Amino acid sequence: MASYLKNVAIIGASGTVGKIILDGLASSQFEITVISRKGREATFPSGVTVLKTDYSDNGLEVAFKGQDVVISAVGASAFGEQKKFVDAAIRAGVKRFIPSEFSANSQNEAVLQLQPIFGPKKELVEYLKNKETDGLTWTGIASSGLFDWGLTNGFLEFDIASHTATIWDGGNKSFTLTNQKALGEAVASVLLHPDETRNQFLFIASVETTQKDILAALEEELGVKWTVNETTTDIQVNEAAKKLAAGDFNGAFALVRATVFGNTPGLHSNYAKEENLANNVLGLHLETVSDVVKRVLNK
(Lines give C-alpha, C1' and ligand atoms only; values in the text may rest on other atoms or scores of the structure.)
Protein backbone atom coordinates (compact mmCIF):
# COMPACT_ATOMS: atom_id res chain seq x y z
CA MET A 1 0.00 0.00 0.00
CA ALA A 2 1.44 3.36 -1.05
CA SER A 3 1.69 6.18 1.45
CA TYR A 4 2.99 9.73 1.39
CA LEU A 5 4.46 9.08 4.85
CA LYS A 6 7.65 7.37 3.74
CA ASN A 7 10.62 8.90 5.57
CA VAL A 8 10.35 8.21 9.31
CA ALA A 9 12.45 9.56 12.19
CA ILE A 10 12.26 7.91 15.61
CA ILE A 11 13.31 9.50 18.89
CA GLY A 12 13.88 7.05 21.74
CA ALA A 13 14.43 4.03 19.50
CA SER A 14 16.77 2.33 21.98
CA GLY A 15 14.11 2.05 24.67
CA THR A 16 11.63 -0.79 25.18
CA VAL A 17 8.81 0.76 23.16
CA GLY A 18 11.18 2.35 20.68
CA LYS A 19 12.68 -1.03 19.78
CA ILE A 20 9.21 -2.50 19.29
CA ILE A 21 8.26 0.34 16.95
CA LEU A 22 11.56 0.11 15.10
CA ASP A 23 11.02 -3.62 14.52
CA GLY A 24 7.48 -2.98 13.28
CA LEU A 25 8.62 -0.36 10.79
CA ALA A 26 11.69 -2.27 9.61
CA SER A 27 9.48 -4.99 8.14
CA SER A 28 7.70 -2.41 5.97
CA GLN A 29 8.96 -0.21 3.17
CA PHE A 30 9.92 2.88 5.18
CA GLU A 31 13.14 4.85 5.19
CA ILE A 32 14.03 4.96 8.88
CA THR A 33 16.26 7.42 10.68
CA VAL A 34 17.01 7.05 14.38
CA ILE A 35 17.59 10.36 16.15
CA SER A 36 20.10 9.71 18.93
CA ARG A 37 21.67 12.05 21.45
CA LYS A 38 25.35 12.84 20.93
CA GLY A 39 27.56 10.80 23.24
CA ARG A 40 24.99 8.04 23.73
CA GLU A 41 26.05 4.56 22.69
CA ALA A 42 23.38 2.29 21.19
CA THR A 43 23.29 -0.17 18.31
CA PHE A 44 20.54 -0.37 15.71
CA PRO A 45 19.67 -2.76 12.86
CA SER A 46 21.47 -2.47 9.55
CA GLY A 47 19.60 -0.38 7.01
CA VAL A 48 18.66 2.19 9.64
CA THR A 49 20.26 5.65 9.41
CA VAL A 50 21.51 6.94 12.77
CA LEU A 51 21.70 10.69 13.19
CA LYS A 52 23.38 12.17 16.27
CA THR A 53 22.13 15.51 17.63
CA ASP A 54 22.50 17.67 20.72
CA TYR A 55 18.67 17.95 20.95
CA SER A 56 18.87 21.74 20.67
CA ASP A 57 16.06 23.50 18.78
CA ASN A 58 18.27 24.00 15.75
CA GLY A 59 19.78 20.51 16.00
CA LEU A 60 16.33 18.91 16.01
CA GLU A 61 15.15 21.01 13.09
CA VAL A 62 18.17 19.97 11.04
CA ALA A 63 17.63 16.32 12.03
CA PHE A 64 13.96 16.45 10.98
CA LYS A 65 14.58 18.03 7.57
CA GLY A 66 13.35 15.70 4.82
CA GLN A 67 11.35 13.54 7.23
CA ASP A 68 7.66 12.89 6.64
CA VAL A 69 7.06 11.51 10.13
CA VAL A 70 8.54 11.99 13.59
CA ILE A 71 7.74 9.29 16.14
CA SER A 72 8.49 10.01 19.78
CA ALA A 73 9.06 6.93 21.94
CA VAL A 74 10.75 8.75 24.80
CA GLY A 75 10.36 7.66 28.41
CA ALA A 76 8.74 9.47 31.32
CA SER A 77 11.73 11.73 32.03
CA ALA A 78 11.35 13.31 28.57
CA PHE A 79 7.54 13.55 28.25
CA GLY A 80 7.79 17.29 28.89
CA GLU A 81 10.38 17.80 26.13
CA GLN A 82 8.06 16.75 23.34
CA LYS A 83 6.66 20.22 22.63
CA LYS A 84 10.18 21.11 21.51
CA PHE A 85 10.08 18.13 19.13
CA VAL A 86 6.73 19.30 17.72
CA ASP A 87 7.96 22.85 17.13
CA ALA A 88 11.09 21.58 15.37
CA ALA A 89 8.97 19.20 13.27
CA ILE A 90 6.76 22.10 12.11
CA ARG A 91 9.78 24.23 11.18
CA ALA A 92 11.26 21.27 9.27
CA GLY A 93 8.07 20.64 7.30
CA VAL A 94 7.25 17.25 8.85
CA LYS A 95 3.79 15.94 7.90
CA ARG A 96 2.90 13.66 10.86
CA PHE A 97 3.89 13.51 14.54
CA ILE A 98 3.23 10.46 16.70
CA PRO A 99 3.68 11.31 20.42
CA SER A 100 4.93 8.97 23.10
CA GLU A 101 1.65 7.42 24.23
CA PHE A 102 1.72 3.59 23.82
CA SER A 103 0.27 2.95 27.28
CA ALA A 104 -2.87 3.83 29.26
CA ASN A 105 -5.19 6.51 27.93
CA SER A 106 -3.55 9.82 28.85
CA GLN A 107 -6.71 11.69 27.86
CA ASN A 108 -8.71 10.02 30.65
CA GLU A 109 -9.03 12.07 33.84
CA ALA A 110 -9.23 8.98 36.11
CA VAL A 111 -5.96 7.72 34.60
CA LEU A 112 -4.32 11.11 35.15
CA GLN A 113 -5.47 11.25 38.76
CA LEU A 114 -3.91 7.83 39.30
CA GLN A 115 -0.78 8.43 37.21
CA PRO A 116 0.13 12.16 37.25
CA ILE A 117 3.34 11.63 35.24
CA PHE A 118 1.06 11.21 32.20
CA GLY A 119 -0.03 14.85 32.55
CA PRO A 120 2.50 16.12 29.98
CA LYS A 121 1.12 13.54 27.52
CA LYS A 122 -2.36 15.05 27.72
CA GLU A 123 -0.92 18.55 27.38
CA LEU A 124 1.01 17.50 24.28
CA VAL A 125 -2.09 16.15 22.52
CA GLU A 126 -3.81 19.49 23.19
CA TYR A 127 -0.71 21.24 21.85
CA LEU A 128 -0.80 19.10 18.70
CA LYS A 129 -4.48 19.92 18.16
CA ASN A 130 -3.62 23.61 18.33
CA LYS A 131 -0.84 23.12 15.76
CA GLU A 132 -3.02 21.43 13.13
CA THR A 133 -3.37 24.76 11.32
CA ASP A 134 0.42 24.84 10.93
CA GLY A 135 0.26 21.83 8.61
CA LEU A 136 1.37 19.15 11.07
CA THR A 137 -0.96 16.18 11.51
CA TRP A 138 -0.75 13.79 14.47
CA THR A 139 -1.86 10.38 15.72
CA GLY A 140 -1.90 9.17 19.32
CA ILE A 141 -1.96 5.44 20.08
CA ALA A 142 -3.20 4.06 23.41
CA SER A 143 -2.25 0.41 23.81
CA SER A 144 -2.85 -0.14 27.53
CA GLY A 145 -0.20 -2.51 28.97
CA LEU A 146 2.09 -4.74 26.92
CA PHE A 147 0.87 -8.30 27.43
CA ASP A 148 3.54 -10.70 26.14
CA TRP A 149 6.33 -8.31 27.19
CA GLY A 150 4.89 -7.99 30.70
CA LEU A 151 4.37 -11.73 31.06
CA THR A 152 7.91 -12.52 29.99
CA ASN A 153 9.70 -10.14 32.36
CA GLY A 154 7.25 -10.26 35.26
CA PHE A 155 6.09 -6.66 34.96
CA LEU A 156 2.46 -7.80 35.16
CA GLU A 157 3.37 -9.69 38.36
CA PHE A 158 2.82 -13.17 37.01
CA ASP A 159 6.15 -14.74 37.98
CA ILE A 160 6.59 -17.69 35.64
CA ALA A 161 9.74 -18.98 37.34
CA SER A 162 8.19 -19.21 40.82
CA HIS A 163 4.58 -19.85 39.68
CA THR A 164 3.42 -16.92 41.80
CA ALA A 165 0.87 -14.26 40.86
CA THR A 166 -0.28 -11.04 42.51
CA ILE A 167 -4.01 -10.66 41.94
CA TRP A 168 -5.85 -7.39 42.46
CA ASP A 169 -9.36 -7.13 43.95
CA GLY A 170 -10.21 -10.76 43.22
CA GLY A 171 -8.99 -10.65 39.62
CA ASN A 172 -12.36 -10.49 37.86
CA LYS A 173 -12.10 -7.03 36.32
CA SER A 174 -11.88 -7.12 32.50
CA PHE A 175 -9.32 -5.05 30.59
CA THR A 176 -7.41 -5.06 27.32
CA LEU A 177 -3.68 -5.45 26.68
CA THR A 178 -1.55 -5.27 23.53
CA ASN A 179 1.23 -7.57 22.32
CA GLN A 180 4.57 -6.23 21.14
CA LYS A 181 4.19 -7.25 17.50
CA ALA A 182 0.71 -5.73 17.34
CA LEU A 183 2.01 -2.42 18.68
CA GLY A 184 4.71 -2.31 16.02
CA GLU A 185 2.20 -3.25 13.35
CA ALA A 186 -0.20 -0.57 14.58
CA VAL A 187 2.38 2.18 14.19
CA ALA A 188 3.30 0.97 10.70
CA SER A 189 -0.38 0.74 9.76
CA VAL A 190 -1.03 4.30 10.93
CA LEU A 191 1.56 5.45 8.40
CA LEU A 192 0.05 3.24 5.69
CA HIS A 193 -3.40 4.71 6.40
CA PRO A 194 -2.48 8.39 6.72
CA ASP A 195 -5.87 9.86 5.87
CA GLU A 196 -7.91 7.52 8.08
CA THR A 197 -5.64 8.17 11.08
CA ARG A 198 -4.87 11.88 10.80
CA ASN A 199 -5.48 13.98 13.92
CA GLN A 200 -6.90 11.09 15.92
CA PHE A 201 -6.31 9.42 19.26
CA LEU A 202 -6.57 5.68 18.61
CA PHE A 203 -7.17 2.70 20.89
CA ILE A 204 -5.71 -0.73 20.08
CA ALA A 205 -5.76 -4.15 21.78
CA SER A 206 -4.54 -7.73 21.33
CA VAL A 207 -6.53 -9.43 24.12
CA GLU A 208 -9.59 -8.76 26.24
CA THR A 209 -9.14 -10.62 29.52
CA THR A 210 -9.00 -10.65 33.34
CA GLN A 211 -6.24 -11.49 35.79
CA LYS A 212 -8.06 -14.72 36.66
CA ASP A 213 -8.22 -15.72 33.00
CA ILE A 214 -4.48 -15.12 32.59
CA LEU A 215 -3.77 -17.16 35.71
CA ALA A 216 -5.99 -20.01 34.51
CA ALA A 217 -4.23 -20.08 31.13
CA LEU A 218 -0.81 -20.18 32.79
CA GLU A 219 -1.83 -22.97 35.16
CA GLU A 220 -3.35 -25.02 32.34
CA GLU A 221 -0.36 -24.66 30.04
CA LEU A 222 2.20 -25.43 32.77
CA GLY A 223 0.12 -28.06 34.60
CA VAL A 224 1.02 -26.41 37.92
CA LYS A 225 -1.15 -24.76 40.55
CA TRP A 226 0.16 -21.27 41.20
CA THR A 227 0.57 -19.43 44.49
CA VAL A 228 -1.66 -16.36 44.59
CA ASN A 229 -0.88 -13.23 46.60
CA GLU A 230 -4.11 -11.26 47.03
CA THR A 231 -3.93 -7.47 47.01
CA THR A 232 -6.22 -4.49 46.44
CA THR A 233 -6.10 -1.31 44.41
CA ASP A 234 -5.97 0.76 47.60
CA ILE A 235 -2.98 -1.17 48.94
CA GLN A 236 -1.08 -0.94 45.66
CA VAL A 237 -1.78 2.76 45.12
CA ASN A 238 -0.88 3.71 48.70
CA GLU A 239 2.38 1.72 48.56
CA ALA A 240 3.18 3.30 45.19
CA ALA A 241 2.67 6.78 46.63
CA LYS A 242 5.04 6.01 49.51
CA LYS A 243 7.70 4.72 47.12
CA LEU A 244 7.45 7.78 44.89
CA ALA A 245 7.63 10.09 47.90
CA ALA A 246 10.86 8.30 48.89
CA GLY A 247 12.29 8.75 45.38
CA ASP A 248 11.67 5.13 44.34
CA PHE A 249 10.44 5.18 40.73
CA ASN A 250 9.12 1.61 41.10
CA GLY A 251 6.07 3.32 42.52
CA ALA A 252 5.31 4.69 39.05
CA PHE A 253 5.44 1.17 37.61
CA ALA A 254 2.84 0.05 40.16
CA LEU A 255 0.63 2.93 39.09
CA VAL A 256 0.94 1.84 35.46
CA ARG A 257 -0.39 -1.56 36.54
CA ALA A 258 -3.13 0.23 38.47
CA THR A 259 -4.39 1.87 35.27
CA VAL A 260 -5.05 -1.64 33.95
CA PHE A 261 -5.85 -3.84 36.96
CA GLY A 262 -7.24 -1.22 39.34
CA ASN A 263 -10.88 -0.83 40.31
CA THR A 264 -10.71 2.98 40.27
CA PRO A 265 -13.97 4.28 38.73
CA GLY A 266 -13.76 5.73 35.23
CA LEU A 267 -10.49 4.14 34.08
CA HIS A 268 -12.16 2.57 31.02
CA SER A 269 -9.31 0.06 30.72
CA ASN A 270 -11.34 -2.37 28.63
CA TYR A 271 -10.84 -0.64 25.30
CA ALA A 272 -12.87 -3.30 23.48
CA LYS A 273 -15.96 -2.42 25.51
CA GLU A 274 -15.42 1.13 26.73
CA GLU A 275 -13.62 2.81 23.82
CA ASN A 276 -13.69 2.65 20.03
CA LEU A 277 -11.04 0.12 18.98
CA ALA A 278 -9.07 1.09 15.86
CA ASN A 279 -8.17 -2.55 15.21
CA ASN A 280 -10.28 -2.79 12.06
CA VAL A 281 -8.80 0.34 10.51
CA LEU A 282 -5.27 -0.79 11.33
CA GLY A 283 -5.72 -4.47 10.40
CA LEU A 284 -5.21 -5.77 13.94
CA HIS A 285 -6.97 -8.78 15.45
CA LEU A 286 -7.82 -9.88 18.97
CA GLU A 287 -6.06 -13.07 20.14
CA THR A 288 -6.98 -15.56 22.82
CA VAL A 289 -5.15 -15.39 26.13
CA SER A 290 -4.32 -19.07 25.81
CA ASP A 291 -2.55 -18.58 22.47
CA VAL A 292 -0.45 -15.71 23.83
CA VAL A 293 0.47 -17.65 26.97
CA LYS A 294 1.53 -20.66 24.89
CA ARG A 295 3.69 -18.46 22.70
CA VAL A 296 5.37 -16.80 25.68
CA LEU A 297 6.02 -20.06 27.53
CA ASN A 298 7.34 -21.90 24.48
CA LYS A 299 9.85 -19.30 23.32
Side-chain angles (χ1 to χ4, degrees), residues 17 20-21 24 98-115 118 121-122 125 139-152 155-158 165 167-190 192-193 196-218 220-221 233 236 255-296:
V17 171
I20 292 170
I21 293 170
I98 298 181
S100 185
E101 291 290 334
F102 318 118
S103 184
N105 178 12
S106 69
Q107 309 306 293
N108 178 295
E109 287 303 323
V111 170
L112 292 177
Q113 287 293 317
L114 198 58
Q115 182 61 290
F118 285 178
K121 291 187 174 192
K122 179 178 174 62
V125 170
T139 307
I141 303 172
S143 58
S144 185
L146 288 173
F147 187 27
D148 50 2
W149 176 86
L151 272 185
T152 301
F155 183 85
L156 295 176
E157 297 193 312
F158 291 88
I167 301 296
W168 296 41
D169 308 307
N172 291 310
K173 179 199 167 181
S174 63
F175 47 79
T176 55
L177 297 166
T178 299
N179 290 321
Q180 296 176 83
K181 185 180 179 185
L183 176 55
E185 289 174 345
V187 175
S189 190
V190 162
L192 293 171
H193 297 84
E196 299 96 322
T197 61
R198 64 183 287 139
N199 302 336
Q200 291 190 51
F201 195 88
L202 305 177
F203 296 87
I204 62 171
S206 296
V207 296
E208 180 185 3
T209 187
T210 68
Q211 283 188 294
K212 274 197 168 178
D213 287 343
I214 296 171
L215 178 62
L218 286 163
E220 181 176 356
E221 184 64 19
T233 300
Q236 290 291 321
L255 293 179
V256 170
R257 288 189 287 272
T259 65
V260 181
F261 298 153
N263 64 8
T264 304
L267 286 177
H268 291 184
S269 49
N270 185 340
Y271 296 168
K273 293 286 194 299
E274 297 166 301
E275 302 290 353
N276 261 329
L277 275 187
N279 281 27
N280 287 341
V281 171
L282 301 178
L284 305 178
H285 305 283
L286 289 175
E287 300 182 65
T288 68
V289 171
S290 178
D291 283 347
V292 178
V293 165
K294 287 177 182 176
R295 188 166 68 243
V296 168

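Just so we're clear, the structure is a prediction, and the values are computed from it rather than from any experiment.
For Gln113, the CD atom sits in a loose shell: 12 or fewer heavy atoms of surrounding residues, nucleotides or ligands are nearer than 6.0 Å. Shown here is Glu221, whose CD atom has more than 12 heavy atoms of other residues, nucleotides or ligands within 6.0 Å. Dense packing is recorded around NZ of Lys173, with more than 12 heavy atoms of other residues, nucleotides or ligands lying under 6.0 Å away. Residue Asn263 qualifies as enclosed at atom CG: its count of foreign heavy atoms under 6.0 Å is above 12.
Taken from CD1 in Ile214 to CZ in Phe158, the straight-line distance is 4.5 Å, to the nearest 0.5 Å. Here the CD-CD1 distance, from Gln200 to Ile141, works out to 11.0 Å after rounding to the nearest 0.5 Å. Remark: Arg257 CZ to Gln211 CD distance equals 10.5 Å, nearest 0.5 Å. Of the inter-residue distances, the one linking Ile204 atom CD1 with Thr178 atom OG1 reads 4.5 Å to the nearest 0.5 angstrom. Between atom CG of residue Asp291 and atom CG of residue Leu286 there is a gap of 12.0 Å, rounded to the nearest 0.5 Å. In this structure, Phe201 CZ and Lys122 NZ are separated by 9.5 Å, a value rounded to the nearest 0.5 Å.
In this structure a side-chain-to-backbone donor-acceptor pair under 3.5 Å is missing from Asn105 to Ala142. Of the possible polar contacts, one joining the Thr197 side chain to the Val190 backbone as a donor-acceptor pair under 3.5 Å is found. A distance-only check finds no donor-acceptor pair linking the side chain of Thr210 to the backbone of Asn172 [under 3.5 Å]. The main-chain N or O of Phe175 is never found under 3.5 Å from a side-chain atom of Ser269 such that the two would form a donor-acceptor pair. A donor-acceptor pair under 3.5 Å links the side-chain atoms of Lys121 to the main chain of Glu101, judged by distance alone. Checking side-chain atoms of Gln236 against main-chain N and O of Ala258 turns up no donor-acceptor pair under 3.5 Å. A donor-acceptor pair under 3.5 Å is absent between the side-chain atoms of Asn270 and the main chain of Glu208, judged by distance alone. Between the side chain of Asn179 and the backbone N or O of Asp148 there is at least one donor-acceptor pair closer than 3.5 Å. For Asn108 (side chain) and Gly266 (main-chain N/O), a donor-acceptor pair under 3.5 Å exists by modelled atom type.
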message: What verdict does the side-chain contact (heavy atoms from CB on, under 4.5 Å) test give for Ile20 and Phe102, after you've listed the backbone C-alpha separation in whole Å, the side-chain angles of each residue and the deciding distance to 0.1 Å?
response: CA-CA 11 Å; Ile20 292 170; Phe102 318 118; over 6 Å; no
- request: Could you go through the side-chain contact (heavy atoms from CB on, under 4.5 Å) check for Phe261 and Glu157 one step at a time?
  value: CA-CA 11 Å; Phe261 298 153; Glu157 297 193 312; 5.6 Å; no
- prompt: Is there a side-chain contact (heavy atoms from CB on, under 4.5 Å) between Thr176 and Leu277 once you walk through the steps?
  reply: CA-CA 10 Å; Thr176 55; Leu277 275 187; 5.7 Å; no
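In this structure, Gly262 and Leu267 approach most closely via the heavy-atom pair O-CD1, 3.7 Å. Considering all non-hydrogen atoms of both residues, Pro265 and Ala110 come closest at O-CB, 3.5 Å. Leu284 approaches Ala186 most closely through the heavy-atom pair CD1-CB, 3.8 Å. The two residues Leu177 and Leu156 come nearest to each other via the heavy atoms CD1-CD1, 4.2 Å. Pairing each heavy atom of Ala182 with each of Ser206, the nearest pair is CB-OG, 3.3 Å. What you find for Tyr271 and Ser103 is that their closest heavy atoms are OH-O, 3.7 Å.
Residues Val207 and Thr288 are not in side-chain contact: their nearest non-hydrogen atoms beyond the backbone lie 4.5 Å or more apart.
Taking the six-membered ring where the residue is Trp, Phe155 and Trp149 present tilted rings, their angle falling between 30° and 60°.
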